[in-house]
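Notes follow the structure.
Given the structure is predicted, the values throughout are model-derived calculations rather than measurements.
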Amino acid sequence: MTSVDFSTMSKVSQSSIYPLIDTHTHFDAPVFDDDRALLIQKAYENGIQHLILVGYLHRHFGRMYKIRQRYSKQLNNKAPLEVPSLPSVEQDVNQEEANTNIHVALGLHPFYIEQHSDAHLEDMAKMIANDRPIAIGEIGLDTFTTAMKVPEVFAKQERFFKAQLDIAVVHQLPVMLHIRKAHAEALAILKAHDYDAHKLGGIAHSFSGGVQEAKAFIKLGFKLGVTGQITNPNAKKLRLAIQAAVKEYGIECLVIETDCPDMIPVMCRTMTEDSSVLGQDIEQKDSMAPVPNRNVPSNLPWVLNSLSELLEVSSDVLAEQLWYNSCAALQTTWNYPK
């Protein structure tokens, strides 16, 4: 990661809170176990109305559903939150129903391909039929490491990618794509497959490609998922790609996400090195270990504000459009709070 001098960065005002949808999180990760309820409350206080728990390993699917059930019930039964002043919405929020709604997406992540089996695919299909998720994801291709480039490994990634696209078509669900250093191969599969993002929706999660890749995914019907990476002035390739995409397709082509516990906005980091928290071996927690440098859902407004500055679009206009974009990508009809 390129180092950033945080002391020279101007702080973004978060005095205005807007309704937002965090389209991609791993908020079920054990790193949140000790204070998840508090973090959900903070997320709501910062405008987060919906967040998606996104799958990556079969063994964690049950955990995701349990967290959705536990915290949805807890939030629906607790005293109403004192909502910060929202431009144009503060008089109309139903305090009895107001909370951050949690949704589940199921998928087998390409980076963990060696841990996936055909039995996992079969069981995932059964789970989808029994308790319909909001989306299939995250799925795709990843050649970030040398091990992922081994022909047999990559062939298995492709097979699982196609199989999960098949499941999405059968159940008419949108997909959340994880594509890293394999954009050409992923685009070729998507173009040849029956999955139609123009009809089913879909998100190119944590988009990391260039201008041409951005336009290619949008042409196929996908929204580009923008993370805390956009807050880094050194992420020039990404920032240029987002600007070029918006110039041609408008702000309608974007959604935002935290991808927590990873992708921490630069102004929220407590360490200069930003490594993956999700990828760490945190299944066996050490009570004496320090709290890792983690991203949280309440940081999403920083992504909104940085994107607003980059695109020179006011935060209120951008926030409302991102809401509708997210609903289109996820094939939902959530009303924008007014």
Side-chain angles (χ1 to χ4, degrees), residues 24 26 54-61 64 105-129 133 135-210 212-225 227 237 241 259 262-263 275-276 278-281 283:
H24 197 110
H26 298 288
V54 181
Y56 59 102
L57 283 169
H58 174 267
R59 67 174 180 268
H60 297 325
F61 290 172
M64 294 162 62
L106 295 182
L108 300 173
H109 194 301
F111 189 77
Y112 305 101
I113 192 64
E114 294 187 6
Q115 299 184 49
H116 305 327
S117 69
D118 289 330
H120 294 160
L121 273 176
E122 293 171 6
D123 191 55
M124 187 177 91
K126 293 177 182 177
M127 293 181 72
I128 291 167
I136 304 297
E138 57 191 283
I139 67 174
L141 301 175
D142 191 324
T143 63
F144 185 67
T145 66
T146 302
M148 296 294 100
K149 298 176 184 178
V150 174
E152 294 80 7
V153 175
F154 190 68
K156 185 179 179 182
Q157 281 194 22
E158 291 183 309
R159 183 167 66 84
F160 271 66
F161 185 23
K162 293 174 184 177
Q164 291 178 95
L165 288 172
D166 290 342
I167 292 172
V169 171
V170 168
H171 293 279
Q172 294 291 282
L173 286 167
V175 299
M176 295 180 170
L177 301 175
H178 170 100
I179 311 297
R180 188 164 54 165
K181 294 189 178 298
H183 290 91
E185 296 86 347
L187 285 165
I189 288 174
L190 290 166
K191 290 175 181 177
H193 199 275
D194 290 338
Y195 182 89
D196 185 352
H198 290 288
K199 296 179 180 178
L200 297 180
I203 298 171
H205 143 70
S206 186
F207 179 75
S208 60
Q212 296 308 313
E213 289 87 358
K215 293 180 179 180
F217 281 110
I218 296 168
K219 286 179 182 178
L220 287 177
F222 292 93
K223 307 295 186 187
L224 304 181
T227 70
K237 176 185 174 183
D259 196 22
D262 294 331
M263 301 299 179
S275 59
S276 172
L278 188 66
Q280 295 173 10
D281 183 13
E283 299 303 321

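Judged by distance alone, the side chain of Gln164 and the main-chain N or O of Leu108 form a donor-acceptor pair under 3.5 Å.
One finds the CD atom of Glu138 at 11.0 Å from the CD1 atom of Ile203 (value rounded to the nearest 0.5 Å). For the atom pair CG of Leu187 and CG of Leu220, the computed distance is 6.0 Å after rounding to the nearest 0.5 Å. Separating the CD atom in Glu185 from the NE2 atom in His183 is a distance of 10.0 Å, to the nearest 0.5 Å. Distance check, rounded to the nearest 0.5 Å: OH of Tyr56 to CE of Met176 gives 15.0 Å.
Shown here for Asp142 and His178, the closest heavy-atom pair between the two residues is OD2-NE2, 2.7 Å. Residues Ile179 and Ser208 share a closest heavy-atom pair of O-OG, 3.8 Å. The two residues Ile113 and Lys156 make their nearest non-hydrogen contact at O-NZ, 3.1 Å. Listed here is the closest heavy atom pair of Pro110 and Gln157: O-NE2, 3.4 Å. Taking both residues in full, the closest heavy atoms of Asp194 and Val169 are given as C-CG2, 4.2 Å, listed atom of the first, atom of the second, then distance. Closest of all the heavy-atom pairs between Ala241 and Ala214 is O-CB, 4.2 Å.
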Derivation and outcome, side-chain contact (heavy atoms from CB on, under 4.5 Å), residues Leu200 and Gln172
CA-CA 6 Å; Leu200 297 180; Gln172 294 291 282; 3.4 Å; yes
Run the side-chain contact (heavy atoms from CB on, under 4.5 Å) test on Leu141 and Ile189 for me, step by step, so that the C-alpha distance in whole Å, both residues' side-chain angles and the decisive distance to 0.1 Å come before the verdict.
CA-CA 10 Å; Leu141 301 175; Ile189 288 174; 4.1 Å; yes
Go through it in stages, so that I can follow the logic: the residues are Phe144 and Phe111, the test is ring pair (Phe, Tyr, Trp, His ring centres under 6.0 Å), and I'd like the CA-CA distance, side-chain angles, deciding distance and then a yes or no.
CA-CA 8 Å; Phe144 185 67; Phe111 189 77; 7.4 Å; no
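Under the rule for a side chain to side chain contact (heavy atoms under 4.5 Å, CB included), Val170 has no partner lying at least two apart in sequence or in another chain. Not counting sequence neighbours, the partners of Ala197 by the side chain to side chain contact (heavy atoms under 4.5 Å, CB included) test are Tyr195, Phe222. Partners of His171 under the side chain to side chain donor-acceptor pair (under 3.5 Å) rule, at least two apart in sequence or in another chain, do not exist in this structure. Remark: Gln115 pairs with Arg59 by the side chain to side chain donor-acceptor pair (under 3.5 Å) rule, at least two apart or across chains. Partners of Thr143 according to the side chain to side chain contact (heavy atoms under 4.5 Å, CB included) rule, which considers only residues two or more places apart in sequence or in another chain, are Lys149, Phe154, Lys181, Ala182. Shown here are the ring pair (Phe, Tyr, Trp, His ring centres under 6.0 Å) partners of Phe61, two or more places apart in sequence or in another chain: His58. Partners of Asp196 by side chain to side chain donor-acceptor pair (under 3.5 Å), not counting sequence neighbours: none found. Taking His24 as the reference, His26, His205 meet the ring pair (Phe, Tyr, Trp, His ring centres under 6.0 Å) condition, with sequence neighbours excluded. Listed by chain and number, the residues in a salt bridge (charged side-chain N to carboxylate O under 4.0 Å, His left out) with Asp118 are Arg159 (sequence neighbours excluded).
Residues Leu121 and His116 are not in side-chain contact: their nearest non-hydrogen atoms beyond the backbone lie 4.5 Å or more apart. At a threshold of 4.5 Å between non-hydrogen side-chain atoms, the residues Pro133 and Ile128 count as touching. By the 4.5 Å heavy-atom criterion applied to side chains, Leu190 and Leu177 are counted as neighbours.
Sorted by first and then second residue, the salt bridge (Lys or Arg N to Asp or Glu O under 4.0 Å) pairs with a member in residues 160-175 form an empty list; sequence neighbours excluded. Applying the salt bridge (Lys or Arg N to Asp or Glu O under 4.0 Å) test to every pair with at least one member in residues 168-179, sequence neighbours left out, gives no pairs at all.
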